[in-house]
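What follows is a single structure, written as C-alpha cells, with notes after it.
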2 protein chains.
Amino acid sequence: MDSEGSGPQPTRAPTIYDVAEAAGVAPSTVSRTFARPGRVNSRTAERIRAAATELGYRTTPVAQAPATSRTGMIAVLVSDLANPIHAELLRGAQVAASAAGYGVLVEDTREDAVTERGIAERIVPLVEGVLLSSSRMSDAAIRGIAKQRPVVVLNRGLTDVACVVADEERGTRRAVEHLGEAGHRDLAYVAGPDASWPNGARWRAFSDACHELSLTGRRIGPFDPTFAGGFEAALALSGARATGVVVFNALMAVGVIRGLQQAGLRVPEDVSVVGFDDVLIGQVVSPALTTVSTPLQAMGATALRNLLALVNGARSHGRPVVVPARLMPRDSSGPAPVARSVTRVQ
Amino acid sequence: MDSEGSGPQPTRAPTIYDVAEAAGVAPSTVSRTFARPGRVNSRTAERIRAAATELGYRTTPVAQAPATSRTGMIAVLVSDLANPIHAELLRGAQVAASAAGYGVLVEDTREDAVTERGIAERIVPLVEGVLLSSSRMSDAAIRGIAKQRPVVVLNRGLTDVACVVADEERGTRRAVEHLGEAGHRDLAYVAGPDASWPNGARWRAFSDACHELSLTGRRIGPFDPTFAGGFEAALALSGARATGVVVFNALMAVGVIRGLQQAGLRVPEDVSVVGFDDVLIGQVVSPALTTVSTPLQAMGATALRNLLALVNGARSHGRPVVVPARLMPRDSSGPAPVARSVTRVQ
DNA sequence: GTGAAAGCGCTAACAA
DNA sequence: TTGTTAGCGCTTTCAC
C-alpha cells in the first residue's frame with residue numbers, strides 16, 4: 001500500500017511548517033493544535049490533524065525541549081539491574097510514566113557512588129526529574145541534584161527530599177518476632193553495603209527488636225548484596241552459634257541458604273533464614289525463602305507519580321511516603337533446634 | 001564550601017553565552033570548543049574550558065538536538081524486564097553506550113506486539129537508534145522502524161536488518177545430543193511464545209536433531225515464557241512419556257522442574273530438563289539447571305556497538321552476527337530411567 | 001582562528 | 001481564534 005523505494009534517505013520527517021502549508025494555516029496554529037489543544041477552533045484543528053496524519057507528522061519532544069525546557073523524560077537510576085527488585089520497581093515506574101506521557105531513562109549505577117554521581121551529572125540536563133532507587137550517593141550529593149531537578153528517592157529516607165520507603169522498622173521487627181516465636185535466641189543479621197540506607201534501617205530495627213525481646217543479635221558483614229555475597233556470609237555463619245539469621249536482601253538470603261547447605265547445615269532444621277523482598281528466586285530456592293515483602297511495583301509507580309507531581313509544580317510535603325511491609329513465612333524458617341537453643345520461649 | 005541558599009529556584013544552567021562572556025569570546029567559539037575541538041586555538045580553548053568549568057557549564061544534548069538532529073540517545077526495547085537475561089543484555093548495552101557518550105532509554109514492552117509498536121513509535125523521534133531485544137513485532141513492523149532510524153535486533157534473525165543472535169542451531173543440537181547420549185529416546189520441547197524468534201529457531205533445531213539421531217521429539221505449548229508458564233507445562237509433561245525435555249528458556253525451565261517435582265516426579269531421575277540462558281535462578285534451583293549458555297552481556301555490548309556504528313554512518317553488511325552457544329551440564333539432566341527407556345544408546 | 005548572523009523545529013508573547 | 005515575530009541553546013555557514 002505504501003509508496004516505496006522513494007530513496008535510501010530516511011526522507012526528513014515533516015515539520016509543523018509542512019503541515020501548516022498543507023492545511024493553509026500559520027505554523028503557530030499547528031503548534032497550538034498539538035501543544036495547547038482547546039486554544040484553537042475545532043474545525044481548523046480537525047483540518048490540521050488531518051493534514052498532519054496525511055503527512056505523517058509527529059510532535060518532536062526534543063525540538064520542543066529548548067523552547068519549553070520540557071524534555072518529557074525522567075531518569076531512573078538503579079543500583080543494580082541484576083537485582084530483581086529493580087525489574088519490579090521499574091515496571092511500576094515505567095507504566096506510570098508512560099501513562100503520563102513521559103519516557104524513562106534507566107541507568108544502572110553498578111553499586112558505586114562515584115559511577116552514580118557521574119551518571120547523574122550526565123543525565124540531569126536531559127530530564128525533568130530524577131528517581132533514585134537504592135542510591136549509594138551521599139545525602140549531600142543527592143541534595144545537590146535535588147537543587148537542579150525534582151528528585152524522589154526510593155528505598156531511602158532523607159530529609160528535604162521526597163522519599164518512598166518501605167516500613168523497614170515494622171517489617172524487620174516482624175522477622176525478628178517470627179524467629180523469636182519459633183524459639184530462636186541467638187540471631188544474626190547479615191549486612192549489605194554500608195552505603196545502603198535500608199541496610200542501616202534494617203540493622204537498627206533488628207538490633208532494637210532483639211533487645212526488646214531479650215534475644216542475642218549480632219551483625220556480620222558487610223557483604224556484597226548479591227548471591228555470591230550471601231554465599232560468602234554463610235561461611236562466617238556456619239561457625240557462629242546463631243540459629244536464626246536475618247539477611248539484608250533476597251539475593252543474599254538465597255546465597256546464605258545455599259552456602260549453609262554447602263557447609264552441611266540444614267535449613268531450617270539447623271538454621272532458619274529470613275530475607276527481604278519477595279522475588280521469584282526466593283520462591284524457587286529450596287527451602288523457599290521466608291521473607292519480608294513489600295509491594296515493589298506499587299512503590300515504583302508511587303515514586304514516579306510523586307516525582308511527576310513535583311515536576312508539575314507540586315511542593316513536597318516533607319514526610320516520606322511509607323509503604324507497608326509484611327512477613328511472608330515460607331519454608332526457610334522453622335522451630336529452633338532443641339540441641340542448640342538454650343531455652344524455649346515461654 | 002558552596003554558596004548556599006541562593007534561592008528556591010534551581011538557578012538556570014549556564015549557557016554558551018555565559019561562558020562566552022566570561023571568557024571574552026564569541027558564543028560560536030565556545031560552541032566550537034566543545035562541538036568541534038581542534039578548530040579552535042588551543043590557548044583560547046583552554047581559557048574557554050576554564051571559564052566553563054568555573055561556571056559549571058555542561059553541553060546539553062537536547063539543545064544541540066534541533067540544530068544537529070543528534071539527541072545522544074539510543075532506545076532499547078526489551079520484551080520483559082523481569083526476565084533476567086535482559087538485565088545482563090542491558091548492562092552490556094549500557095556500558096557500551098556510556099562509553100560512547102550515549103544514553104540509553106529502556107522500555108519494557110511486556111511481551112506484547114501492540115504495546116511494543118506503540119512504544120516504538122513514541123520513542124523513535126527521540127533517539128538516534130533503536131535496539132530491539134527479543135522483539136515480538138512482525139518483520140514488517142521492524143522494517144518500518146528501520147526505515148526511520150538505524151535498528152539492530154537482538155535475539156532475532158531478520159533479513160535487511162542488522163541482527164545479533166546466538167547460535168541457536170548449535171546450542172539446541174548440543175542439548176539434544178546431550179540427552180541422546182544419556183539414553184533418552186523420547187524427548188519433548190516446551191515452547192515459548194509463537195512470536196518469539198528463538199522459540200522457532202530452537203524448535204526447528206530440536207526437531208531436526210531428534211530426527212537425525214532417531215529420537216522421538218514432540219512439542220508442547222506455547223506457554224508463557226515465565227516461571228508460571230513452565231509450571232503449567234509440567235502438568236502436561238507429567239502425563240507424557242518423554243524422559244528428556246528441552247525448555248524454551250531458563251525461567252520456564254525452572255518452572256518445569258518445580259512443576260514436575262510437585263507432580264511427584266524426580267529430576268533428573270525420572271525426567272531430565274535442559275533449558276536456555278545461563279542465569280542465576282537456574283543455578284539456584286535444585287537440581288541446578290543444565291542449560292544452553294550464551295554470553296549475554298557481550299551480546300548486549302556488541303549489539304549496541306553495531307548500532308552505534310550504523311548511527312555513525314556505517315553500512316550494515318547483511319549477515320547477522322552469530323555468537324556461540326554452549327551447553328552447561330549441571331544437575332537437572334542425567335541418564336534416562338531404565339524402566340522407561342526402550343533401548344540404551346549403543 | 002574567530003566573530004556575525006542565520007537557522008534547527010518548536011513555543012510563546014503580542015497584535016490583529 | 002489566528003498570524004506575526006521573537007526567541008530557546010546550540011551549530012554552522014560565511015566573511016573578516
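Just so we're on the same page: letters track the sequence lines, and every chain starts at 1. What you see below is based on every heavy atom in this structure, not just the backbone, and it leaves out hydrogens, waters and symmetry mates.
A donor-acceptor contact shorter than 3.5 Å is absent between the side chain of R49(B) and the backbone of F34(B). With E128(B) contributing its side chain and G72(B) its backbone, the two residues share a donor-acceptor pair below 3.5 Å. The backbone N or O of A45(B) sits nowhere less than 3.5 Å from a side-chain atom of R32(B) that would complete a donor-acceptor pair. Under the 3.5 Å distance criterion, the side-chain polar atoms of H86(A) are matched with a main-chain donor or acceptor of D80(A). With hydrogens and angles disregarded, a donor-acceptor distance shorter than 3.5 Å links the side chain of T71(B) to the backbone of L126(B).
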Polar atoms only, N or O, under 3.5 Å: list the protein pairs with nucleotides 2-6 of chain C and their distances.
unit_1, atom_1, unit_2, atom_2, d
dT2(C), OP1, T44(B), OG1, 2.7
dT2(C), OP2, N41(B), N, 2.8
dT2(C), OP2, T44(B), OG1, 3.1
dG3(C), OP2, A26(B), N, 3.0
dG3(C), OP2, T29(B), OG1, 2.4
dG3(C), N7, R32(B), NH2, 2.8
dG3(C), O6, R32(B), NH1, 3.2
dA4(C), N6, S28(B), OG, 3.4

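Within the model, atoms OG1 of T33(A) and CD of E46(A) stand 11.5 Å from one another, a figure rounded to the nearest 0.5 Å.
Counting 5' to 3', DNA chain D first comes under 4.0 angstrom of a heavy atom of chain A and last does so at the ends given by dT1(D) to dC8(D).
Atom CZ in R36(A) sits about 11 Å away from atom C1' in dA13(C), given to the nearest Å. Regarding I48(A), its CD1 atom lies at a distance of 13 Å from the P atom of dC10(C), rounded to whole Å. Regarding L126(B), its CG atom lies at a distance of 14 Å from the C1' atom of dC10(C), rounded to whole Å.
Using a 4.0 Å cut-off between charged nitrogen and carboxylate oxygen, K147(A) and D160(A) do not count as a salt-bridge pair.
No engagement by F34(A) is indicated, since no non-hydrogen atom pair under 4.0 Å with the nucleic acid exists. Residue contacts for S31(A): at a heavy-atom cut-off of 4.0 Å it reaches a base atom on one of the strands shown.
For the OP1/OP2 pair of dC10(C) and a distance below 4.0 Å, the side-chain nitrogens and oxygens of R70(A) include no atom meeting the criterion.
With sequence neighbours excluded, the residues forming a salt bridge (Lys or Arg N to Asp or Glu O under 4.0 Å) with R136(B) are E111(B), listed by chain and number.
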